[in-house]
Colleague: 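Got a structure here, written out as structure tokens. Questions coming.
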Protein chains: 2
Amino acid sequence: MPDEVILLTEDELRAAVPLTLGAVDTVATAFRALAEGGAVMPPVMSMDLADRHGEVDVKTAYLPDAPRFAVKVSTGFFGNAALGLPSLGGLMVVFSAETGRVEGVLLDNGYLTDLRTAAAGAVAARALAPETVETCCILGTGLQARMQARAAHLVRPFARLLIWGRDRDKAEACAAELGPALGVDAQAVDDAGAAVGAAQLVVTTTPSKEPILRAEWLHPGLHVTAMGSDAPGKQEIEAAALARADLYVADRVQQCETIGELRAAIAAGTWRDSTPPELGEILTERHPGRTAPEEITICDLTGTGAQDTVIANHALEQAGAAGAGRRIAAREGQPKT
Amino acid sequence: MPDEVILLTEDELRAAVPLTLGAVDTVATAFRALAEGGAVMPPVMSMDLADRHGEVDVKTAYLPDAPRFAVKVSTGFFGNAALGLPSLGGLMVVFSAETGRVEGVLLDNGYLTDLRTAAAGAVAARALAPETVETCCILGTGLQARMQARAAHLVRPFARLLIWGRDRDKAEACAAELGPALGVDAQAVDDAGAAVGAAQLVVTTTPSKEPILRAEWLHPGLHVTAMGSDAPGKQEIEAAALARADLYVADRVQQCETIGELRAAIAAGTWRDSTPPELGEILTERHPGRTAPEEITICDLTGTGAQDTVIANHALEQAGAAGAGRRIAAREGQPKT
């Protein structure tokens, strides 16, 4: 067996692995696997490099049915802009689940994370949002705001898109890009509360440390996906909202308790002392999801190593099918067969 | 700035980065950095994949004076032998400490771990063993037994080497290899106690889950380095030995308490409730080391992310000087400058 490693660059990955329903279905399998048991997903490993204005996260997960597992390193170095470099970066390394040998190095600079995060938003919307979404509202104006809107549109083809951000110009730019791209009526808005009030599906995609979505804005027939919080200091949803919803769903309880919206709700004392269901339990029907159109649902996405493992498998398969990447003999002294 | 990644294979790394005093000095800087403050080293991330007979460990550390930090993934899949593959594998990914960008992928299949582990043995021996070592004893007969003997000989050029293992044939093979290689009188022995009794420097290099070195074997003028334990179930040194020694030194207290010899001593109730010094505190003279030739010292090496970070920096520099490896444009759409 040749001991080869496939190396894929960001450009190759962007070309071979677009945001499609196939990617969404792939990411859904990660949540299912977490619910079905046998998965191994250790807590996130983090380094806060205060003197470098940087942070490093490592995620991984083994899923019994996946032929490979990924170890992902994500970097955020917030002085990079001054150097003309992106703040976010990182890569995924893909290992055989049978032998532990390195099979792939995905030099994606965070692209696959963006992709699997957007896909998880679509998984959540497909599982929990009302069947009919006329209006989608995005709180946030960054790259992930754009990707979440595109992902949501794959599963809930809304006609109207409302975009709110702290910076009106960025919201305008987002709307100007997404309107034509999705063929929807896209508008930047100043009043987040009114926009949430008009929407059936809301996605929060900010790095906020203070709530940007008020509990009083929740209304019948609304689904909210909060995907910005991924660290202990972050919060997008007012703490009281979680208990006020008919259903609050975590991507992974252990993570949401420590780095998601659930952390803030527990800290505020507004979360009743019970364990919420996980998204995979909804997908596998171990726990009921939305049971009526007028219910209010919230899904808290912190990002899991399981998503990384499935998107890395998907990327290797897609890139392999496209003949992309280069193959490196990892042990050149080995006989080739 | 070109966004390039240097890729090095195991063969290239073996050629460019041998076990030398330079490597030992490099690994010493890791322990110094841990003692000097400012280092960030999260707990080891682990996955135990029982259904695959496999285990995965991730280690990392940021050191203020190192230009890059490494994230290392180590794999052990113990069904590989049946497939004709090595059980151990893995790689190191090297990131700029300034920008977080990926700078190197070291497809070493565990070679650099072997190297930095052996080098740490030499660091411990140089810091703690008696000045004069006539006889060195190795308990264990694997690859690391060989590397520890070579590393020890760099800093304490002993004349006699005694090798004990559960399998006499393997001990003989080890002695037959190391005698000529080091120019010493190397012998396989059956009686571990007698061998320890005759040695001034002992290195234990086994995956044992039960003590192989008895507390009653400790004798004046002995230094023991225990480097086999790196998981909660492992133990090489009888628990009582740690408190019986004049000085017990951890590579990292947090790790030794959970995966080193210290764990077993605490569990057995034989460790007095005090925090032992770390190897870096000895090297930087924050804590006294051996103060007399007749003292008994023990050093517990569990393996640290700090060692990985310094050996990865060293490897990139050595390989760069040798012109080894291939350079990959990690973002091919980027303008090259």
Side-chain angles (χ1 to χ4, degrees), chain A residues 1 3 5 7 9-12 14 38 40-52 54-56 58-62 64 69 71 73-77 79-80 83-91 93 95-102 105 107 109 326 328-334, chain B residues 1 3 5 7 9-12 14 38 40-52 54-56 58-62 64 69 71 73-77 79-80 83-91 93 95-102 105 107 109 326 328-334:
Chain A
M1 160 179 349
D3 209 1
V5 176
L7 191 87
T9 64
E10 179 184 345
D11 289 352
E12 289 165 341
R14 285 185 181 274
V40 180
M41 190 167 76
V44 181
M45 172 188 248
S46 291
M47 289 200 292
D48 181 14
L49 309 181
D51 57 334
R52 300 288 191 164
E55 58 188 41
V56 182
V58 184
K59 293 184 178 180
T60 188
Y62 164 81
F69 64 90
V71 175
V73 185
S74 302
T75 58
F77 278 67
N80 279 3
L83 303 170
L85 290 173
S87 298
L88 305 182
L91 86 171
V93 184
F95 299 83
S96 161
E98 189 188 353
T99 66
R101 309 303 291 173
V102 179
V105 177
L107 294 166
N109 296 314
R326 68 191 86 185
I328 312 275
R331 185 190 289 254
E332 291 172 356
Q334 291 284 94
Chain B
M1 161 178 351
D3 208 1
V5 175
L7 190 87
T9 64
E10 179 183 344
D11 288 351
E12 290 165 341
R14 285 184 181 275
V40 180
M41 191 167 77
V44 180
M45 172 187 249
S46 289
M47 290 200 292
D48 181 15
L49 309 181
D51 58 334
R52 300 289 192 163
E55 60 189 40
V56 182
V58 184
K59 293 183 178 181
T60 188
Y62 165 80
F69 63 90
V71 175
V73 185
S74 302
T75 58
F77 279 67
N80 279 2
L83 304 170
L85 290 172
S87 298
L88 304 181
L91 87 172
V93 185
F95 299 84
S96 162
E98 189 188 352
T99 67
R101 310 302 291 172
V102 179
V105 176
L107 294 167
N109 296 315
R326 69 191 88 186
I328 313 276
R331 183 189 290 253
E332 291 171 356
Q334 291 284 94

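From a predicted model like this one, the values you see are computed outputs, not experimental measurements. Letters A, B, ... are given to chains in the order of the sequence lines, protein chains preceding strands, and every chain is numbered from 1.
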Colleague: Under 4.5 Å from any heavy atom of chain B, what part of A:Val40 do you find: side chain, backbone, both or neither?
Modeller: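 For A:Val40, heavy atoms of backbone and side chain both lie under 4.5 Å from chain B.
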Colleague: Looking only at heavy atoms, which two atoms of B:Asn80 and A:Arg101 are closest? And how far apart?
Modeller: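 Residues B:Asn80 and A:Arg101, closest heavy atoms: ND2-CD, 4.3 Å.
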Colleague: So how far is it from B:Leu49 CG to A:Phe95 CZ, rounded to the nearest 0.5 Å?
Modeller: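 Separation between the atoms: 11.5 Å.
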Colleague: Looking at B:Val44, B:Thr75, B:Val5, which one has more heavy-atom pairs under 4.5 Å with chain A than the rest?
Modeller: B:Thr75
Colleague: Identify the heavy atoms of A:Arg52 and B:Pro64 that sit nearest to each other, and give their distance.
Modeller: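 For A:Arg52 and B:Pro64, the tightest heavy-atom pair comes out as NH2-O, 3.6 Å.
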Colleague: Checking B:Ala61 against chain A: side chain, backbone, both or neither under 4.5 Å from a heavy atom?
Modeller: backbone
Colleague: If you compare all heavy atoms of B:Met45 against all heavy atoms of A:Lys59, which two are closest, and at what distance to 0.1 Å?
Modeller: CE-CA, 4.2 Å
Colleague: Can you say whether A:Val58 sits under 4.5 Å from chain B via the side chain, the backbone, both, or neither, judging by heavy atoms?
Modeller: both
Colleague: Going by side-chain contact (heavy atoms from CB on, under 4.5 Å), B:Val93 matches just one of A:Val71, A:Val105, A:Val93, A:Leu107. Which one?
Modeller: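 When side-chain contact (heavy atoms from CB on, under 4.5 Å) is applied between B:Val93 and each of A:Val71, A:Val105, A:Val93, A:Leu107, only A:Val93 qualifies.
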Colleague: With a 4.5 Å heavy-atom cut-off, do A:Val56 and B:Tyr62 have their side chains touching?
Modeller: no
Colleague: Kindly compute the distance separating CD (A:Glu98) from CG (B:Leu83), expressed to the nearest 0.5 Å.
Modeller: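 Those atoms lie 5.5 Å apart.
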Colleague: Who among A:Val102, A:Leu91, A:Asp48, A:Leu7 has the most heavy-atom pairs with chain B under 4.5 Å?
Modeller: A:Leu91
Colleague: Measure B:Glu55 against the heavy atoms of chain A and call it side chain, backbone, both or neither at under 4.5 Å.
Modeller: neither
